[in-house]
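I have placed the structure first, in the form of structure tokens, so that the comments after it can refer back to it.
Proteins get letters first, then strands, A, B, ... in listed order; numbering begins at 1 in each.
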Amino acid sequence: MAVVSEVRDLGRHVGESVTVRGWVDTKRSHGKVAFLVVRDGTGIVQNVLVRNQVSAEDWDAFESLTQESSVRVTGTVRAEPRAPGGYEMALEKLDVVSIADEYPIQPKEHGIDFLLDHRHLWLRSSQQRAILRVRHEIEQAIHDFFYARGFVRIDTPILTGAIGEGGAGLFQTDYFGEKAYLAQTGQLYVEAAAAAFGKVYCFGPTFRAEKSKTRRHLTEFWMVEPEMAWYDSEDNMRLQEEFVSYLVERALERCRDELALLERDTTLLERVTPPFPRIDYSEAIRLIQSQGSETQWGQDLGGGDETIIANAYDRPVFVYNYPKAAKAFYMKENPADPRTVLCDDLLAPEGYGEIIGGSQREDDYDRLLARIREEGLPEDAYGWYLDLRKYGTFPHSGFGLGIERTVAWICGRKHIREASPFPRLLNRLYP
RNA sequence: UCCCGCGUAGCUCAGCUGGUAGAGCAGACGGCUGUUAACCGUCGGGUCGCAGGUUCGAGUCCUGCCGCGGGAGCCA
């Protein structure tokens with residue numbers, strides 16, 4: 001009885017007869033010799049069938065195979081430089097588990113609409129697998145980073161009341177007759193938890209009901225949001241640059257093959273080391289205006305503005321201390337310039353835009369209440385959040401990093417939809 | 001929501017100033033002993049997104065609608 005092996009371990013079985021289970025990637029026949037390439041999720045392996053060396057049943061079974069049919073193949077492993085991966089199997093037994101219907105995705109170019117309609121099958125393609133493996137590695141790296149620094153992970157609610165970053169963009173649902181909303185952020189909850197544990201983070205899906213149609217937006221995306229007691233805005237930015245550098249380093253170390261398959265220029269990623277350049281908002285305005293931007297002091301930066309700034313540097317760049325009016329209500333007023341708040345956006349290179357938004361939080365009860373009223377937010381819903389400023393208020397800061405934007409940047413993909421296994425886009429809820 | 005572009009075979013596309021539908025891939029069949037998205041030959045495959053209009057005649061021109069893509073706004 002042949003030993004069962006995964007494709008990635010075949011090098012340890014040279015000379016042995018092994019069984020691999022997987023799906024038909026491609027097949028090629030030459031009359032008396034044929035090649036069957038099987039994919040098992042850990043790699044692909046070429047099986048060689050020579051007509052007068054396999055049974056008639058196995059030869060017929062080979063001929064019946066279609067792309068993506070599921071099979072068990074048994075054969076002797078040998079080193080073969082002509083084979084993908086360096087090893088191939090001399091087929092001894094072909095066990096067909098299921099013949100696949102005509103497979104819609106071919107090894108050729110397809111349109112994005114077609115591919116997204118077939119996302120459940122598109123996941124099997126090599127580039128899509130590479131992107132999702134990078135995502136997996138980055139998610140693991142996030143947990144490792146915070147675990148090593150003593151952060152406690154706090155799982156924040158997805159069903160919430162009328163509370164979030166600000167008025168618009170909430171998905172509404174029914175909660176036993178009461179209006180409920182899908183969470184836009186876990187931040188307000190991790191602020192509460194920071195007073196319990198000091199350093200905490202949440203990691204999970206967030207929802208924005210904005211009808212955005214750009215390469216940087218999804219209606220459902222994942223975010224990691226650390227929150228640190230006693231950190232000021234400076235401490236916050238230092239943590240962010242260490243964090244992002246660590247994520248990039250992990251991808252470079254452990255996803256070499258995936259980044260190569262995606263043809264990512266990794267020299268651009270190797271430069272991502274601390275410290276990151278920092279410019280304050282007013283400098284940023286001067287920079288973009290000198291490059292022809294129409295944006296005036298007081299307005300938030302547009303996508304084109306962000307690209308101008310990012311292109312001026314060879315690694316991610318912080319833009320800090322934006323005008324109050326352009327930012328969320330919970331950000332702390334800058335004592336040195338009350339027109340602005342203590343916050344930062346981290347812009348990724350190569351036009352990938354904002355991957356982090358962070359700030360020191362307003363810890364003064366009266367100023368926070370005034371800001372909630374100015375924004376016209378439902379005061380009742382924020383009662384518990386205001387409580388945090390009544391019972392031992394404390395300086396604290398935090399940030400949110402978008403997973404899909406980060407993965408798209410590290411993988412060098414133009415659109416973030418490929419960084420999500422099943423992306424939720426405007427008008428696209430299936431599959 | 002606004003601006004721009006696209007919609008032709010299962011897929012990717014071509015189709016000129018309007019004249020009656022094409023290719024490659026995929027599929028079926030046949031050939032081939034080392035392929036790498038193999039190759040060669042044969043065959044089947046169409047409500048040209050939908051509705052209306054102009055015209056002797058519309059895939060082609062016009063209007064509306066639907067779908068998709070790119071961008072803006074908003075943000076991560």
Checklist entry - Taking both distances under 3.5 Å as the test for a Watson-Crick or G-U pair, what stems of at least three pairs does RNA chain B have? => result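 Only these stems qualify: B:1-7 with B:66-72, B:10-13 with B:22-25, B:27-31 with B:39-43, B:49-53 with B:61-65.
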Checklist entry - So, F197(A) versus F151(A), ring centres under 6.0 angstrom or not? => result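 They do not qualify: ring centres at least 6.0 Å apart.
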Next on the checklist: If you go through the side-chain atoms of Q106(A), does one of them form a donor-acceptor pair with the base of rG27(B) closer than 3.5 Å?
Outcome noted: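 Per atom types, no contact qualifies.
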Checklist entry - Going by modelled atom types, is there a donor-acceptor pair between the base of rC75(B) and the side chain of R405(A) at under 3.5 Å? => result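 It does, because a donor-acceptor pair links the side chain of R405(A) to the base of rC75(B) below 3.5 Å.
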Taking the [atom1] atom in each of [N] and [M], what is the distance between them to the nearest angstrom?
N       : M       : atom1 : answer
rC43(B) : rC6(B)  : P     : 36 Å
rG7(B)  : rA51(B) : C1'   : 16 Å
rC66(B) : rG49(B) : C1'   : 8 Å
rG69(B) : rU42(B) : P     : 39 Å
rC61(B) : rC16(B) : P     : 9 Å

Checklist entry - Closer to the 5' end of RNA chain B via nearest nucleotide, is it G357(A) or P84(A)? => result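 Here P84(A) is the residue nearer the 5' end.
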Next on the checklist: Closest-nucleotide mapping onto RNA chain B: is V48(A) or A326(A) further toward the 5' terminus? I mean the 5' end.
Outcome noted: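 The residue whose closest nucleotide sits nearer the 5' end is V48(A).
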For [X] and [Y], take the angle between the two ring planes, folded into 0 to 90°, and tell me which bin it lands in: parallel under 30, tilted 30 to 60, perpendicular over 60.
X       : Y       : answer
W297(A) : Y281(A) : perpendicular
H143(A) : F203(A) : perpendicular
H118(A) : F114(A) : tilted

Checklist entry - Looking at E362(A), E374(A), E375(A), E333(A), which hits salt bridge (Lys or Arg N to Asp or Glu O under 4.0 Å) with K324(A)? => result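 When salt bridge (Lys or Arg N to Asp or Glu O under 4.0 Å) is applied between K324(A) and each of E362(A), E374(A), E375(A), E333(A), only E333(A) qualifies.
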Could you check how far [atom1] of [X] sits from [atom2] of [N], rounded to whole Å?
X       : N       : atom1 : atom2 : value
N52(A)  : rG34(B) : CG    : P     : 14 Å
N427(A) : rC66(B) : CG    : P     : 11 Å
K32(A)  : rG31(B) : NZ    : P     : 10 Å
K27(A)  : rA38(B) : NZ    : C1'   : 14 Å
E102(A) : rA28(B) : CD    : P     : 8 Å
Q46(A)  : rU33(B) : CD    : C1'   : 13 Å
L426(A) : rC75(B) : CG    : P     : 18 Å
L182(A) : rA76(B) : CG    : C1'   : 17 Å

Item to check | Options rA76(B), rU33(B), rC75(B), nucleotide nearest the side-chain atoms of H30(A) | outcome: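 Closest nucleotide among those given: rU33(B).
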Next on the checklist: Could you tell me if R424(A) sits above the aromatic ring of F422(A), with its cationic atom closer than 6.0 Å to the ring centre and no more than 45 degrees from the axis?
Outcome noted: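 Checked: cation-pi criterion not met.
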Item to check | Ring-face cation of K27(A) near F62(A) (centre distance under 6.0 Å, axis angle within 45°) | outcome: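 Positive - K27(A) is close enough to the ring of F62(A) and near enough to its axis.
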Next on the checklist: Taking side chain to side chain contact (heavy atoms under 4.5 Å, CB included) as the criterion, tell me which of D40(A), V38(A), V18(A) meets it with V7(A).
Outcome noted: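 Among D40(A), V38(A), V18(A), the one that satisfies the side chain to side chain contact (heavy atoms under 4.5 Å, CB included) with V7(A) is D40(A).
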Checklist entry - Within the pair R28(A) and rU35(B), is there a side-chain N or O less than 4.0 Å away from OP1 or OP2? => result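 So the side chain of R28(A) is outside the cut-off, no N or O lying under 4.0 Å from OP1 or OP2 of rU35(B).
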Next on the checklist: Applying the 5.5 Å / 30° rule, does F221(A) stack onto the base of rA76(B)?
Outcome noted: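 It does: the two rings, one from F221(A) and one from rA76(B), meet the stacking criterion.
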Checklist entry - If we ignore angles and hydrogens, is there a donor and acceptor under 3.5 Å between the side chains of E191(A) and Y385(A)? => result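 Yes, a side-chain donor-acceptor pair sits under 3.5 Å.
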Item to check | Heavy-atom closest contact (I355(A) atom, W409(A) atom, distance) | outcome: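 Taking every non-hydrogen atom into account, CD1-CZ3, 3.9 Å.
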Next on the checklist: Whether the side chain of R215(A) engages the backbone of I416(A) through a donor-acceptor N/O pair (distance < 3.5 Å, no angle test) should be reported.
Outcome noted: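 Such a contact is absent between R215(A) side chain and I416(A) backbone.
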Checklist entry - Any donor and acceptor pair, going by atom type alone, linking the side chain of T66(A) with main-chain N or O of E102(A) inside 3.5 Å? => result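 Absent.
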Filtered N/O pairs between nucleotides 72-74 of chain B and protein, under 3.5 Å:
{"unit_1": "rG73(B)", "atom_1": "O6", "unit_2": "S212(A)", "atom_2": "OG", "d": "3.4"}
{"unit_1": "rG73(B)", "atom_1": "O6", "unit_2": "K213(A)", "atom_2": "N", "d": "3.4"}
{"unit_1": "rG73(B)", "atom_1": "N1", "unit_2": "K211(A)", "atom_2": "O", "d": "3.3"}
{"unit_1": "rC74(B)", "atom_1": "O2'", "unit_2": "E210(A)", "atom_2": "OE2", "d": "3.2"}
{"unit_1": "rC74(B)", "atom_1": "O2", "unit_2": "E210(A)", "atom_2": "OE1", "d": "3.4"}
{"unit_1": "rC74(B)", "atom_1": "O2", "unit_2": "S212(A)", "atom_2": "OG", "d": "3.2"}
{"unit_1": "rC74(B)", "atom_1": "N3", "unit_2": "H217(A)", "atom_2": "NE2", "d": "2.9"}

Scan nucleotides 41-49 of chain B against the protein and return all N/O pairs shorter than 3.5 Å with their distances rounded to 0.1 Å.
none

Checklist entry - Are the charged groups of E242(A) and R149(A) less than 4.0 angstrom apart, N to O? => result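 Yes, this pair counts.
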